[in-house]
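Worksheet: one structure, shown below.
Any value given below was found using the heavy atoms of this structure, including those in side chains, with hydrogens, waters and symmetry copies removed.
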Amino acid sequence: FGGRGQRSGSQSHGNIPATVLSALAAKEGLTADFLWRALEASDCSILIADNRQPDYPLIYVNKAFERTTGYALLEAVGRNCRFLQGTDRNQPGIPIIRQALRRGRPCRVLLRNYRKDGTCFWNELNIAPVVNKRHRVTHFIGVQNDVTARVAAENELDRYRTLLEGLVRQRTHKLEQKNTALKEVLGQIEDERKSIKRQISININDFIFPMLRRLRHKIDRSGLQCLKALQKNLEHIDTAFGLKLTKMPHKLSPREIEICNLIQKGLQTKDIADLFNVAISTVENQRSSIRRKLRLKNKGANLTTYLQSL
């Protein structure tokens, strides 16, 4: 895992000691002859090693073992089953087998084994001890499963998983690079926006407001109200008031938007009428139209307060 054995009839049970078959059969409530025939008919490779002899020589292998490995019964018995490993002895399952054999414990390992023609196959090996009446391990029985196809499928899945993980890492790295570049562009845009805002503020405060202050002394009352509204517009030039008005569900006319702006800046109906040189009733009608389009149905709702809240 020596005498030579040979495959014989059901009476002698080959090279398997009767005590071994009897112990195995009794455990399951079977006859030794039935168990012998079951071992021979099994599709799994089954082997039995003698724990009473040095180096655990094989004393029995079934027909499935011969088909799987290419080794006949006479070529296998008397040898430790490590011969199936060839020179491939550096495998993680081998120390596990050695420890299980020393302690008389069962184990399950996955090994690379080699057929008689030299081809490799993956062997899932299950080893169990056979105990006599004195509770001593006399033999070990091994069940081999050729899981080459399963291991190949698992390796292929691992390969695809590794490939996909690599692609995900590459994609993530590219997205991170693009995100960094986007942040830089957005940062540049924000810096430019702040710069433009500063320039506008400087131009308004240093050039336009002084001119408006000088004009106050040269115009009538209605013109003065207009200048005050203009100054407030310039002070809040970066607000979204105008954009919000243009996105109302019921579209306001250009004149109604202009009136909304003047109302929001605190001008009364009479001031607006004087500014546009129209009757007060005309402005009142336009205020009613604005309230309707803004859906201010409650008469208690103040139009000025609503517009200043935008």
Side-chain angles (χ1 to χ4, degrees), residues 1-10 12-18 20-21 23-25 32-102 104-130 137-156:
F1 286 60
R4 300 286 174 176
Q6 62 182 15
R7 198 170 301 287
S8 60
S10 60
S12 62
H13 304 140
N15 205 41
I16 307 178
V20 176
L21 275 180
L24 292 172
D33 185 63
F34 179 85
L35 181 59
W36 161 260
R37 287 186 281 110
L39 293 174
E40 288 292 283
S42 174
D43 288 332
C44 294
S45 300
I46 298 174
L47 48 93
I48 298 176
D50 194 340
N51 189 45
R52 299 167 302 177
Q53 300 185 51
D55 207 26
Y56 313 102
L58 294 176
I59 61 170
Y60 167 79
V61 295
N62 69 349
K63 293 179 180 178
F65 177 93
E66 294 178 325
R67 291 193 300 269
T68 300
T69 66
Y71 289 98
L73 173 68
L74 293 177
E75 295 175 296
V77 295
R79 305 171 69 178
N80 185 294
C81 67
R82 76 169 69 91
F83 77 90
L84 293 175
Q85 300 162 16
T87 58
D88 190 2
R89 301 296 173 85
N90 187 21
Q91 301 188 50
I94 294 176
I96 296 174
I97 294 175
R98 290 172 181 164
Q99 187 178 54
L101 294 178
R102 283 198 303 267
R105 302 281 181 83
C107 71
R108 179 178 180 179
V109 295
L110 184 65
L111 299 171
R112 290 183 300 273
N113 280 176
Y114 297 85
R115 298 183 176 89
K116 187 175 180 179
D117 62 8
T119 58
C120 177
F121 70 97
W122 284 95
N123 175 19
E124 186 178 66
L125 175 62
N126 292 272
I127 299 175
V130 178
V137 177
T138 60
H139 297 80
F140 286 96
I141 183 167
V143 179
Q144 296 180 331
N145 289 295
D146 184 350
V147 294
T148 304
R150 188 192 77 191
V151 172
E154 291 172 350
N155 290 339
E156 188 68 8

Find the distance between [atom1] ([X]) and [atom2] ([Y]) and round it off to the nearest 0.5 Å.
X	Y	atom1	atom2	value
Asn126	Asn145	CG	CG	6.5 Å
Asn51	Tyr56	CG	OH	5.5 Å
Tyr71	Thr68	OH	OG1	13.0 Å
Gln85	Ile97	CD	CD1	6.5 Å
Ile141	Ile127	CD1	CD1	11.0 Å
Leu101	Ile96	CG	CD1	12.0 Å

If you take all heavy atoms of [X] and [Y], which pair is closest and at what distance?
X	Y	result
Ser42	Ala64	O-CB, 3.3 Å
Arg112	Asn90	NH2-O, 3.8 Å
Gln144	Thr69	OE1-CG2, 4.5 Å
Asp146	Thr148	OD1-OG1, 2.6 Å
Cys44	Val143	CB-CG1, 3.9 Å
Pro129	Pro106	CD-N, 3.9 Å

Short side-chain to backbone donor-acceptor contact, [X] and [Y], under 3.5 Å:
X	Y	answer
Arg79	Glu75	yes
Asn80	Asp55	yes
Asn62	Ile46	yes

Are [X] and [Y] packed together at the side-chain level, in the sense that at least one heavy-atom pair is separated by less than 4.5 angstrom?
X	Y	answer
Arg105	Val137	no
Gln91	Val109	no
Val151	Leu110	yes

Margin query: So for atom CG, which belongs to Asp117, do other residues, nucleotides or ligands contribute more than 12 heavy atoms lying within a distance under 6.0 Å?
Written below: yes
Notebook entry, point to check: Would you find more than 12 non-hydrogen atoms of other residues, nucleotides or ligands less than 6.0 Å from Arg108 atom CZ?
Noted result: no
